[in-house]
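Written out below as C-alpha cells is the structure these notes cover.
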Amino acid sequence: MKILLAPLDPVHDAGLKLIKRKLEALGYACVLLPPDITVEEIGEAAIAEKIDMIFVGRTVGYGVEQLFRRLRQVLTTQGIFGKVRVAIGGMSITDELAQSLGFEAGYGPHTRIEEIHALIEKNPELARHITHPVKNKPQFPFPHSNEVKDSTTRKLLDEIVDGILDWTANRTSPGVVRAQITESQLQDVRGSVESYTALPFTKDYLAQCDENIVDFFQRNTCPSSVRQITQKEIDAYLRRIDIAKKNFHPRVLQHGRTKPLVFVQYGTGCPMMDGMHIKVAESWGADGVLHFDPAWGARTEGLMDGFLTNAEDGTPVTYANLSLIKRSLDKATLWTVRAHRGLNTPEIAVLSGFLGADMTKINIVYGSICGGTDPARLTVDGVDAIRIAARYKMPFDIPTNEELAGVPPHKAFAGMLIMAQLGRRLGAQPILKPLLCHGPYIMVNELMEQNYVDYNFAKIRALQALADFPIWPGEPIGFMTHTEEKEQSAATTSLHVAMCGSLGVDAVTTASTDEAFSRGPITSAGRVGSLRSIEETLRFFGETNIAPSAKATEWRDALIAGINQTLKAVAEAPSFVEALYLGILGDKADGVYPGRAGKNSVSAPRRSTAVAEVLPAAK
C-alpha cells in the first residue's frame with residue numbers, strides 16, 4: 001500500500017513526519033508533501049504517485065471545517081474521492097467532524113500510531129489495547145517479607161504485642177458481640193442483600209445498641225441528617241451505573257514504574273453519588289477507592305440497615321449501601337472500607353469481608369487518642385477486627401492521621417508499627433500508612449521550611465530501615481500543603497506522588513483539587529484535575545528519581561531513635577492500654593487525649609465467644 005501524507009498548513013508538518021517514519025517502519029511506502037501546498041496539488045500528487053490512501057493534516061485550528069469541505073469538493077472533481085481512501089487530522093479535528101464531512105476518519109492530538117495502523121488495515125484489533133484498554137486488578141499489597149528488620153525494634157514490638165494479647169484475652173465488648181451476631185446472620189442468608197435487609201431485629205442485637213439505633217429498627221426513625229433511599233431511586237441509579245460500566249474505558253496513570261498505585265477517597269453521604277464519583281475517578285486512572293463513613297457513626301453503638309443517604313459528610317455504613325457501591329466498581333478497582341476508629345470497628349470489618357472488600361482500615365492508637373474512642377474499648381474491638389480481617393484475608397492499613405492534631409511522627413510511627421506487628425501475630429496483612437503532611441509538629445519545628453522533600457524522605461526511609469511492610473502514604477498525601485487554588489492543589493498532590501515513586505512506596509491516597517479547602521461539595525472536575533495532573537507528572541519523571549539532601553539522612557536517624565525510645569516507654573508501661581491513657585503515644589501537649597466513647601463498656605465474657613454459640617438466628 002502507498003500512502004500520501006499532505007500537510008495542509010503554511011509551515012507545520014512535524015506530525016506527518018513522525019507518522020511517516022512510523023508507517024515506514026511498519027512496511028508502508030509513504031510520500032510526504034511539503035507544507036504550504038494547495039488542495040489541488042494534493043489531488044495531483046495522489047494521481048501522479050498512484051496513491052492508495054491519503055492522510056491530510058492541519059495544525060492551525062481556525063477555518064478547518066470550511067477548508068476540509070473544500071478539500072473534499074476538489075478531490076471529488078478530480079475523480080479521486082471515493083476511489084482513494086482519505087483521512088484527516090489536526091489539533092482541532094475529531095472523528096465526528098471528519099465523518100460528518102465524508103472522510104473515513106479523523107484524528108486529534110495524542111493519536112497513537114496503532115490507531116492509524118488499524119485504520120489502514122481495517123482491523124480494529126490492532127489498536128484495541130489503545131481504544132479499549134483492559135486494566136487488571138493488581139495483586140495488592142505487593143510482596144514484602146513483613147518482617148521487622150531492626151532487632152531492637154522487633155524485641156520491643158514483640159513484648160508490647162504479647163501484652164496486648166494477654167490483656168484482651170478474657171475481654172469482650174458490645175461491638176464484638178454485634179459483629180458475631182451480624183456474621184451469623186450473613187452466613188444464614190448466604191450474603192444476600194435482600195434477605196439480610198428483610199431480617200427482623202432481635203433483642204440480642206438491640207441490647208448492644210444506642211437508643212437512636214433502637215429507634216431506627218423499632219420505630220423506623222432516622223437521625224436528623226439521614227433518610228432512606230427509595231426503591232425507585234435505587235432502580236434509576238442501577239440503570240445509570242450499568243450504562244456507565246458498559247461505556248467505561250480505563251486509564252493508566254503510571255508511566256514506566258508500576259507503583260505507586262493511586263487511590264481516592266469517597267464519602268459524599270449518598271452511596272449513589274459515591275458511585276458516580278467512583279466512575280469518574282476510575283475513568284481518569286484511579287486504581288482504588290476508600291469508603292469514609294460519618295464521624296457520628298464512630299461514636300454510635302450499632303449500625304442501621306438498608307439504603308441510606310446522609311446530608312453531611314460520610315456515607316453511612318450499611319450492608320445495603322456497601323453492596324450498592326461494590327456493584328458500581330470496575331472489576332479492576334481496589335476497594336477499602338474504613339473500620340478503624342469507632343464503636344463499630346469489628347462489625348464493619350465483618351460487612352466488608354463478607355462483601356469481598358479488598359482491604360479495611362484499623363488503627364487502635366489513632367482511634368483511641370484522636371478518633372474519640374476509649375482506649376480500652378478500641379483495644380478489645382481492634383484486636384477482634386484484625387482477627388476478622390485475617391479470617392477474610394483482608395489486608396488492613398494503619399493510618400497515622402494523629403499527626404494532623406500535632407502528634408510527633410516518631411510517636412505516630414511507633415503506634416503504627418505496634419499495630420503492624422500485632423496484625424502479623426494474628427495472621428493478618430498490615431499496611432503502613434504514614435501521613436506525608438505539613439502538620440503542626442512539622443510547622444512548629446520548621447522541618448519543611450526549605451522544601452517538602454527532605455523530611456518526607458526521612459519518614460519513609462526510617463520505616464524502610466526498621467521493617468519491610470507495604471507502605472501506602474495517605475490520607476491524603478500532601479495534606480496541609482494544598483490551597484484553594486486548584487492549580488496549586490493539583491501541582492502539590494502530583495509532586496508528592498512523584499516523590500513517592502522515587503521512594504518506592506506501594507500506593508498513595510490523593511485528594512481532589514477542591515478537597516482540602518472545599519467549603520462545599522467535592523466536584524467531579526476537582527477529581528479529574530488532580531488525577532490528570534498526576535498522570536502528566538508521572539509521565540514527566542518516568543523512572544527518574546527525586547533526590548533529597550543530606551538532611552534527610554540526619555532526620556531519618558533521629559526518627560528511628562525516637563520510634564525506639566517511644567516503644568521502650570510503651571513496653572515499660574503497666575499495659576498497652578495504660579500507655580494510651582498516659583499519653584505515651586500522644587498526649588495533651590501534642591494536641592490529643594484519650595477518647596471517651598465506649599468508656600466502661602469492656603467486660604469479661606460470660607460464655608464462649610465461638611460464633612456458633614453466641615449468635616442468634618436473626619437480628
- Message: Between Glu475 and Asn401, is there a side-chain donor-acceptor contact under 3.5 Å, judged purely by atom types and distance?
- Response: no
- Query: Is there a donor-acceptor pair closer than 3.5 Å between any side-chain N or O of Arg377 and the backbone N or O of Leu343?
  - Reply: yes
- Above 12 or not: heavy atoms from other molecules or residues under 6.0 Å from CE of Met276? yes
- Asp514 and Arg527 ion-paired at < 4.0 Å: no
- Message: Strictly distance-based, threshold 3.5 Å: is any side-chain N or O of Thr333 a donor or acceptor partner for the main-chain N or O of Leu329?
- Response: no
- Task: Output yes when Asp287 and Lys135 qualify as a salt bridge under the 4.0 Å nitrogen-oxygen rule, no when they do not.
- Result: yes
- Cationic tip of Lys279 above Phe248 ring, under 6.0 Å, 45° of axis: yes
- Backbone of Trp296 reached by a side-chain donor or acceptor of Thr300 within 3.5 Å: yes
- Item | Pair Ser225-Asn310, side-chain donor/acceptor within less than 3.5 Å | yes
- Can any side-chain N or O of Thr111 pair as donor or acceptor with the backbone N or O of Gly108 at less than 3.5 Å? yes
- Task: Scan side-chain atoms only and decide if Asp506 and His144 contain a donor-acceptor pair under the 3.5 Å cut-off.
- Result: yes
- Message: One thing to verify: whether Arg539 and Glu535 come together as a salt bridge, which I'm taking to mean a side-chain N less than 4.0 angstrom from a carboxylate O.
- Response: no
- Do other residues, nucleotides or ligands put more than 12 heavy atoms under 6.0 Å from Gln488 CD? yes
- Message: Could you tell me if Asp215 and Thr221 have a donor-acceptor pair between their side chains, going purely by distance under 3.5 Å?
- Response: no
- Task: To the nearest 0.5 Å, tell me how far Leu404 CG sits from Met480 CE.
- Result: 6.5 Å
- Any side-chain donor near an acceptor of the partner, His482 and Thr493, under 3.5 Å: yes
- Item | Ser494 and Ser533 side chains, donor-acceptor separation under 3.5 Å | yes
- Item | Straight-line distance of Arg341 CZ to Arg299 CZ, nearest 0.5 Å | 8.0 Å
- Message: Test your reading of the model: is there a side-chain donor-acceptor pair from Asn321 to the backbone of Pro316, 3.5 Å cut-off?
- Response: yes
- Message: I'd like to know if the side chain of Thr513 and the backbone of Ala490 have a donor-acceptor N/O pair within less than 3.5 Å.
- Response: no
- Looking at side-chain heavy atoms only, is the closest gap between Ile362 and Ile398 below 4.5 Å? no
- Query: Taking atom types as modelled and ignoring hydrogens, do the side chains of Thr360 and Ser352 form a donor-acceptor contact shorter than 3.5 angstrom?
  - Reply: no
- Task: Identify whether the distance between the nearest side-chain nitrogen and carboxylate oxygen of Glu282 and Lys331 falls below 4.0 Å.
- Result: no
- Query: Within a reach of under 6.0 Å around CD of Glu485, are more than 12 heavy atoms found that belong to other residues, nucleotides or ligands?
  - Reply: no
- Is a side-chain donor or acceptor of Asp468 paired with a backbone partner of Ser145 at a separation under 3.5 angstrom? yes
- Query: Are Lys393 and Asp358 close enough, and set up right, to give a salt bridge (Lys or Arg N to Asp or Glu O under 4.0 Å), and what steps lead you there?
  - Reply: CA-CA 8 Å; Lys393 295 180 171 52; Asp358 297 288; over 6 Å; no
- Task: Count the heavy atoms belonging to other residues, nucleotides or ligands that lie under 6.0 Å from CZ of Arg128, then report whether that count exceeds 12.
- Result: yes
- Do Thr318 and Asp305 meet the criterion of a side-chain donor-acceptor pair at a distance under 3.5 Å? no
- Message: Using modelled atom types and a 3.5 Å cut-off, is there a donor and acceptor pairing between side-chain atoms of Thr345 and backbone atoms of Gly342?
- Response: yes
- So do the side chains of Phe469 and Ile431 get within less than 4.5 Å of each other, counting heavy atoms only? no
- Task: Look at the aromatic rings of Trp472 and Phe263 and report parallel, tilted or perpendicular, splitting at 30° and 60°.
- Result: tilted
- Can you measure from CD (Glu114) to CG (Leu126) and round to the nearest 0.5 angstrom? 9.5 Å
- Message: Quick one about Tyr366 and Glu403 (side-chain donor to acceptor, distance below 3.5 Å, no hydrogens or angles considered), yes or no?
- Response: no
- Message: Evaluate Arg227 against Thr309 for side chain to side chain donor-acceptor pair (under 3.5 Å), listing each step before the verdict.
- Response: CA-CA 6 Å; Arg227 77 166 176 87; Thr309 183; 5.8 Å; no
- Query: Under 6.0 Å from the CG atom of Asp210, do we count more than 12 heavy atoms belonging to anything else shown?
  - Reply: yes
- Query: Do His277 and Thr268 come within less than 4.5 Å of each other through their side chains, counting heavy atoms only?
  - Reply: yes
- Can you check whether Ile534 reaches Leu538 side chain to side chain, under 4.5 Å on heavy atoms? yes
- Item | Arg178 side chain to Asn344 side chain, donor-acceptor N/O pair below 3.5 angstrom | yes
- Measure the OG1-CG distance between Thr481 and Asn456 for me, rounded to the nearest 0.5 Å. 9.0 Å
- Test salt bridge (Lys or Arg N to Asp or Glu O under 4.0 Å) applied to Arg327 and Asp242, step by step: CA-CA 9 Å; Arg327 180 166 173 177; Asp242 286 344; 3.5 Å; yes
- Message: For the CD atom on Gln218, are there more than 12 heavy atoms of other groups (residues, nucleotides or ligands in this structure) within a distance under 6.0 Å?
- Response: yes
- Is there a donor-acceptor pair closer than 3.5 Å between any side-chain N or O of His291 and the backbone N or O of Thr315? yes
- Task: Report the C-alpha distance between Ser530 and Trp284 in whole Å, list the side-chain angles of each, state the deciding distance to 0.1 Å, and finish with yes or no for side-chain contact (heavy atoms from CB on, under 4.5 Å).
- Result: CA-CA 10 Å; Ser530 183; Trp284 288 88; over 6 Å; no
- Would you check if Phe216 and Leu206 make a side-chain contact, meaning some heavy-atom pair closer than 4.5 Å? no
- Evaluate the side-chain proximity of Ile241 to Lys246: yes if any heavy-atom separation is below 4.5 Å, no if none is. no
- Tell me, do Ile229 and Leu308 make a side-chain contact under 4.5 Å, heavy atoms counted? no
- Message: Looking at Ser601 and Gly598, would you say the former's side chain and the latter's main chain have a donor-acceptor pair under 3.5 Å?
- Response: yes
- Considering all heavy atoms, the nearest Pro476-Leu435 contact: O-CD1, 3.9 Å
- Query: Would Leu322 and Val317 satisfy side-chain contact (heavy atoms from CB on, under 4.5 Å), going step by step from the backbone distance to the final call?
  - Reply: CA-CA 7 Å; Leu322 292 180; Val317 172; 3.9 Å; yes
- Under 4.5 Å between any side-chain heavy atoms of Glu312 and Pro294, yes or no? no
- Item | Polar contact flag, side-chain donor to acceptor under 3.5 angstrom, Ser328-Tyr237 | yes
- Euclidean distance, Trp335 CH2 relative to Asp330 CG, rounded to 0.5 Å: 14.0 Å
- Message: Quick check for you: to the nearest 0.5 Å, what is the distance between Tyr319 atom OH and Lys326 atom NZ?
- Response: 8.0 Å
- Message: Checking Gln187 against Phe354 for the side-chain contact (heavy atoms from CB on, under 4.5 Å) test, could you report, in this order, the C-alpha distance in whole Å, the side-chain angles of both residues, the deciding distance, and whether it holds?
- Response: CA-CA 9 Å; Gln187 290 169 347; Phe354 230 91; 3.9 Å; yes
- Message: Which heavy atom of Pro260 sits nearest to which heavy atom of Gly501, and what is that distance?
- Response: CD-CA, 3.7 Å
- Query: Can you list the steps and then say if Leu186 with Leu351 is a side-chain contact (heavy atoms from CB on, under 4.5 Å)?
  - Reply: CA-CA 9 Å; Leu186 287 168; Leu351 297 180; 4.0 Å; yes
- Query: So, Arg240 and Asp235, do they make that salt bridge, N to O below 4.0 Å?
  - Reply: no
